[in-house]
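In what follows, a single structure is set out as structure tokens and then discussed.
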Amino acid sequence: MESTFSQQVYKIVKAIPKGKVMTYGQIALLLGVPRASRQVGWALHSVPEEYQVPCQRVVNRYGGLAAGYGWGGQLAHRAELEADGVEIREDFTVDLEKYQWHPTEAEIVLLQLPLESLERLNQKLAFSNERLSQPRRKNSKN
DNA sequence: ATATTGACCAGTT
DNA sequence: TAACTGGCCAATA
């Protein structure tokens, strides 16, 4: 089967459990293309409706919702995520510590993804634990 | 055909 | 700290 970049993205996003989220960069990393997070965004932007991909479960590295999400923007994104049972902050971000999904090795095998990406992922996690411990939130005024 | 843009990210200045 | 850079590559404002 031909597995284009977009199709692989869809496959992963479909595997995200309800109530959990992944980041663009995380997905790119899983695909073995660490810096293709933009392409992940494009893939989701142009996904056909009938594919039934739960795009709302993908957020940026700070847990921020997509401004260009469909026609409704962040409002639509928030509505769909809340329908999943995910709590959204007032600045349109989610708590990644709480909601980010980290697939197990078995799940990665099931998705037919390169296992080597798991190693990179683990490295990444240890790394970002310190880095992202205090994400800068933008809106200082409510 | 070339240039710019964008649901992004990480490293460097 | 914030601003900039290069990377990714399909779509095209």
Side-chain angles (χ1 to χ4, degrees), chain A residues 1-105 107-109 111-142:
Chain A
M1 79 160 67
E2 72 285 335
S3 53
T4 65
F5 185 85
S6 294
Q7 287 173 331
Q8 289 189 284
V9 170
Y10 303 153
K11 191 168 60 174
I12 292 180
V13 175
K14 279 188 168 185
I16 304 176
K18 180 178 179 179
K20 289 290 179 179
V21 301
M22 286 182 92
T23 69
Y24 300 99
Q26 186 186 5
I27 291 170
L29 199 62
L30 278 176
L31 287 178
V33 193
R35 291 170 196 143
S37 44
R38 255 182 147 147
Q39 270 49 58
V40 175
W42 256 112
L44 294 177
H45 178 257
S46 55
V47 60
E49 183 81 21
E50 62 267 24
Y51 281 28
Q52 298 189 319
V53 176
C55 314
Q56 76 273 18
R57 293 173 194 163
V58 184
V59 299
N60 70 22
R61 73 190 138 159
Y62 298 122
L65 271 46
Y69 189 94
W71 290 98
Q74 291 183 318
L75 289 174
H77 198 165
R78 180 175 64 181
E80 293 185 28
L81 256 187
E82 283 179 337
D84 273 358
V86 174
E87 188 181 350
I88 313 294
R89 300 185 188 114
E90 288 189 19
D91 61 352
F92 290 91
T93 65
V94 306
D95 185 353
L96 283 183
E97 300 275 330
K98 188 172 176 182
Y99 293 109
Q100 185 171 15
W101 182 50
H102 303 292
T104 66
E105 184 172 333
E107 285 163 331
I108 290 179
V109 171
L111 287 171
Q112 300 177 342
L113 296 173
L115 262 187
E116 48 183 65
S117 54
L118 185 63
E119 296 181 19
R120 303 199 62 160
L121 188 65
N122 287 335
Q123 283 180 273
K124 202 62 164 186
L125 280 180
F127 188 61
S128 44
N129 274 345
E130 303 180 15
R131 267 194 138 254
L132 295 178
S133 56
Q134 25 178 287
R136 223 22 84 195
R137 302 239 217 102
K138 293 197 174 178
N139 76 336
S140 45
K141 51 187 78 174
N142 303 333

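Quick note on labels: first sequence line is chain A, next is B, and so on, each numbered from 1.
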Note to self: Taking only the P atom of each, what is the distance from B:dT5 to C:dC4 in whole angstrom?
What the structure shows: 15 Å
Next item on the list: For nucleotides C:dT5 and B:dT4, find the distance between their P atoms and express it as a whole number of Å.
Entry: 14 Å
Note to self: Within this structure, what is the CD1-CZ distance for the pair A:I27 and A:R57, rounded to the nearest 0.5 Å?
What the structure shows: 12.0 Å
Note to self: Quick check: any donor-acceptor pair below 3.5 Å linking the side-chain of A:S37 to the base of B:dC8?
What the structure shows: yes
Note to self: Please report the interatomic distance CD1(A:I88) to CG(A:L81), rounded to the nearest 0.5 Å.
What the structure shows: 4.5 Å
Checklist line | Spacing of A:L31 atom CG relative to C:dG7 atom C1', expressed in whole Å | finding: 16 Å
Check: Rounding to a whole Å, what distance do you find between A:Y24:OH and C:dC9:P?
Finding: 18 Å
Note to self: I need the CH2-C1' distance between A:W42 and B:dT4, as an integer number of Å.
What the structure shows: 12 Å
Checklist line | Selected nucleotide, minimal atom distance to A:A66 side chain, candidates B:dC9, B:dA7, C:dC8 | finding: B:dA7
Item checked: Minimum heavy-atom distance A:T104-A:E107, with the two atoms named -> N-OE1, 2.7 Å
Note to self: Taking only the C1' atom of each, what is the distance from C:dA10 to B:dA10 in whole angstrom?
What the structure shows: 22 Å
Note to self: When the C1' atoms of C:dA3 and B:dA7 are compared, how many Å lie between them, rounded to an integer?
What the structure shows: 22 Å
Notebook entry, point to check: Which atom pair, heavy atoms only, marks the closest approach of A:P48 to A:Y10?
Noted result: CD-OH, 4.4 Å
Check: Atom NE2 of A:H45 to atom P of C:dA13: distance rounded to whole Å?
Finding: 12 Å
Check: C:dA11 C1' sits how many Å from A:F5 CZ, rounded?
Finding: 15 Å
Next item on the list: Calculate the interatomic distance between A:Y69 atom OH and B:dC8 atom P; express it in whole Å.
Entry: 14 Å
Check: Tell me: CZ of A:R35 to P of C:dT5, nearest whole Å?
Finding: 17 Å
Margin query: Can you measure A:Y62 atom OH to B:dA7 atom P for me and round it to whole angstrom units?
Written below: 17 Å
Notebook entry, point to check: How many angstroms lie between atom CG of A:L96 and atom CD of A:Q26, to the nearest 0.5 angstrom?
Noted result: 8.5 Å
Item checked: Side chain of A:C55 (C-beta onward), nearest among B:dA7, C:dC8, B:dC9 -> B:dA7
Check: Is B:dG11 paired to anything, Watson-Crick or G-U wobble with both distances less than 3.5 Å, and if yes, which nucleotide?
Finding: C:dC4
